[in-house]
Participant: 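Below are the structure tokens for one structure; questions will follow.
Just so it is clear, the model here is predicted, and its values are computed rather than measured. Hydrogens, waters and symmetry mates play no part in the numbers below; they use all other heavy atoms, side chains included.
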Amino acid sequence: MGKLVFVKAGLFTTIQDKGRFDLVDKGIPLSGPMDEEAFHLANLLVRKDPGAACLEIYMGNINLYFTESCQIVCTGANAKIEVDSKVYATNEIINVSAYSRLNISPFSQGQWLYMAINGTFASEKVLGSQSFYPKITPLSKFSNSDMLFYSSSPNTIPSDFAKIKSKNLPQMVFIPAYRGPSFTSLNKKQQFTLTNTPFTLSTIQNRMGIHLVEKLRHELSELISSPVYPGTVQLTHAGKIIILMKDAQVTGGYHRILQLSASGISRLSQLRPFSNFKFKLIE
């Protein structure tokens, strides 16, 4: 079994698998990958179950040391990946030799990158999942000098297997969303504003939620708490719009005006502060 040493752990690097399902009634958040599409792709490229545990890396700028040889792949954000000074792209199989160093520079586009291994990452399962979450798992994120054990599969994948070109984000991103329970309580002008005008991501964002810069003024009455999920778009009493993400709470007292699709959550997660996007209603 090999050891992965976090020489430089970056801003927020965690283990994420498919998450904790069926625990909402106990107040346990779902967790799991911010960009589910990139996460699934990483696992599929190393011929694993789509929900297997990966490293989730925020904004890059990390340095890792491997004690045993293995194969990895990185997906999601566009990044320069170097193994012992040899440069690789995302979405390609990388053969890592024992005692190698891997460096991922700050991302050129996007925010979240997923590293899957042809083998397994040996972190503890808590409540049926390896996904990190504060006060549930022993670690909430990796720090410098932390170690992660891993085992490699005996089945080697050809290095040219299923190489996929990295995607660039378009100038205007459309985020697919369904109408939420309170959508029809908005007047026609508010509905039009919500679904036809660009919105801007603020600097207030993390794995729990993303705040938007623009407000949507309204006179809706206050609500008692109701169930919420990753992708729920909340409208506060003051008109603030908050989009819940993977580590969000399971109940909330604000109006639920939209619900992002799974692909909508993935797209939104890769947008940086001050990026613009539009909601696109799914009919």
Participant: Test of understanding: clusters of I, L, V, M, F, W, Y form through side-chain heavy atoms closer than 4.5 Å, transitively. Do Met147 and Leu64 belong to the same one?
Facilitator: no
Participant: Any idea which heavy atoms bring Thr120 and Ser151 closest together, and the distance?
Facilitator: OG1-OG, 2.7 Å
Participant: Flag the pair Gln234 / His211 as yes when at least one side-chain heavy-atom distance between them is below 4.5 Å, and no otherwise.
Facilitator: no
Participant: Measure from the side-chain N and O atoms of Lys48 to the backbone N and O of Gly119, and report whether any donor-acceptor pair falls under 3.5 Å.
Facilitator: yes
Participant: Can you tell me which residue pairs pass the side-chain hydrogen bond (donor to acceptor under 3.5 Å, both in side chains) test with a partner in residues 20-33, sequence neighbours excluded?
Facilitator: Ser31-Asp247
Participant: Hydrophobic clusters here meaning ILVMFWY residues chained together by side-chain heavy-atom distances under 4.5 Å, can you tell me if Leu223 and Leu186 are in one?
Facilitator: no
Participant: Do any N or O atoms from the side chain of Thr75 and from the backbone of Ala38 form a donor-acceptor pair under 3.5 angstrom?
Facilitator: yes
Participant: Look up atom CE in Met245 and atom CE in Met208, then write down how far apart they are to the nearest 0.5 Å.
Facilitator: 12.5 Å
Participant: When hydrophobic residues are tied together by side-chain contacts of less than 4.5 Å, even through go-betweens, does Val83 share a cluster with Val5?
Facilitator: no
Participant: Among side-chain atoms of Asp17 and Ser131, is any donor-acceptor pair under 3.5 angstrom?
Facilitator: yes
Participant: Working to the nearest 0.5 Å, report the span between CG of Asn63 and CG of Asn61.
Facilitator: 9.5 Å
Participant: First locate atom CG of Leu268, then atom CD1 of Ile175, and finally report the distance between them rounded to the nearest 0.5 Å.
Facilitator: 5.0 Å
Participant: Verify the neighbour count for atom NZ of Lys280: are there more than 12 heavy atoms of other residues, nucleotides or ligands below 6.0 Å?
Facilitator: no
Participant: Assess whether a salt bridge exists between Arg207 and Glu56, defined as any Lys/Arg side-chain N lying under 4.0 Å from an Asp/Glu carboxylate O.
Facilitator: yes
Participant: Are Leu4 and Leu113 grouped together when hydrophobic residues (ILVMFWY) are joined by side-chain heavy atoms under 4.5 angstrom apart?
Facilitator: yes
Participant: Could you tell me whether a side-chain N or O of Glu124 sits under 3.5 Å from a main-chain N or O of Pro138, the two making a donor and an acceptor?
Facilitator: no
Participant: Can you label the angle between the His218 ring and the His255 ring as parallel, tilted or perpendicular, going by 30° and 60°?
Facilitator: perpendicular
Participant: Taking the side chain as every heavy atom from C-beta outward, state whether Phe277 and Leu201 have any pair of such atoms under 4.5 Å apart.
Facilitator: yes
Participant: Would you check if the side chain of Arg217 reaches a backbone N or O of Ala238 as a donor-acceptor pair within less than 3.5 Å?
Facilitator: yes
Participant: Using the six-membered ring wherever Trp is involved, compare the ring planes of Phe39 and Tyr114 and label them parallel, tilted or perpendicular (cut-offs 30° and 60°).
Facilitator: perpendicular
Participant: With distance as the sole test, does Lys240 use its side chain to make a donor-acceptor pair with the main-chain N or O of Leu212 at under 3.5 Å?
Facilitator: yes
Participant: Using ring pair (Phe, Tyr, Trp, His ring centres under 6.0 Å) as the criterion, point out the one residue from Tyr58, Phe121, Phe12, Phe142 that pairs with Phe132.
Facilitator: Phe142
Participant: How many angstroms lie between CG in Leu194 and CD1 in Ile241, if you round to the nearest 0.5 Å?
Facilitator: 6.0 Å
Participant: Locate the shortest heavy-atom distance separating Ala116 from Asn43; write the atom from each residue and the value.
Facilitator: CB-OD1, 4.0 Å
Participant: Run the numbers on Asn118 and Arg47 for side-chain hydrogen bond (donor to acceptor under 3.5 Å, both in side chains), then give the verdict.
Facilitator: CA-CA 8 Å; Asn118 181 18; Arg47 303 178 180 179; over 6 Å; no
Participant: If you define the side chain from C-beta out and look only at heavy atoms, does anything of Gln16 sit under 4.5 Å from Trp112?
Facilitator: no
Participant: For Ala122, what residues pass the side chain to side chain contact (heavy atoms under 4.5 Å, CB included) criterion, not counting sequence neighbours?
Facilitator: Met1, Phe149
Participant: So, Ser100 side chain and Val96 main chain: donor-acceptor pair closer than 3.5 Å or not?
Facilitator: no
Participant: For Asn187, does its backbone N or O pair with a side-chain atom of Gln190 as donor and acceptor, under 3.5 Å?
Facilitator: yes
Participant: Starting at OG of Ser202, measure out to CD of Glu214 and round the result to the nearest 0.5 Å.
Facilitator: 9.5 Å
Participant: Has the side chain of Ser261 got a donor or acceptor atom that lies under 3.5 Å from a matching backbone atom of Gly264?
Facilitator: yes
Participant: Do the non-hydrogen side-chain atoms of Ile81 and Thr90 ever get within less than 4.5 Å of each other?
Facilitator: yes
Participant: Just by distance, do the side chain of Gln191 and the backbone of Phe183 share a donor-acceptor pair under 3.5 Å?
Facilitator: yes
Participant: Quick one: CG on Leu148 to CZ on Phe66, what's the gap to the nearest 0.5 Å?
Facilitator: 9.5 Å
Participant: Do Gln111 and Ser269 have side-chain N/O donor and acceptor atoms under 3.5 Å apart?
Facilitator: no
Participant: Is there side-chain contact between Ile72 and Tyr150, with heavy atoms separated by less than 4.5 Å?
Facilitator: no
Participant: Quick one, Val250 and Ile28 - any side-chain contact, counting heavy atoms below 4.5 Å?
Facilitator: no
Participant: Can you say whether the rings of His237 and Tyr254 are parallel (under 30°), tilted (30 to 60°) or perpendicular (over 60°)?
Facilitator: perpendicular
Participant: How far apart are the closest heavy atoms of Phe274 and Thr203, and which atoms are they?
Facilitator: CZ-CG2, 3.6 Å
Participant: Mind checking whether Leu102 and Met115 have side chains closer than 4.5 Å, heavy atoms only?
Facilitator: yes
Participant: Can Leu23 be reached from Val228 by stepping across I, L, V, M, F, W or Y side chains whose heavy atoms are under 4.5 Å apart?
Facilitator: no
Participant: Quick check on Lys80: does its NZ atom have over 12 non-hydrogen neighbours (other residues, nucleotides or ligands) under 6.0 Å away?
Facilitator: no
Participant: Taking the side chain as C-beta and beyond, is there a heavy-atom pair between Phe6 and Tyr65 under 4.5 Å?
Facilitator: no
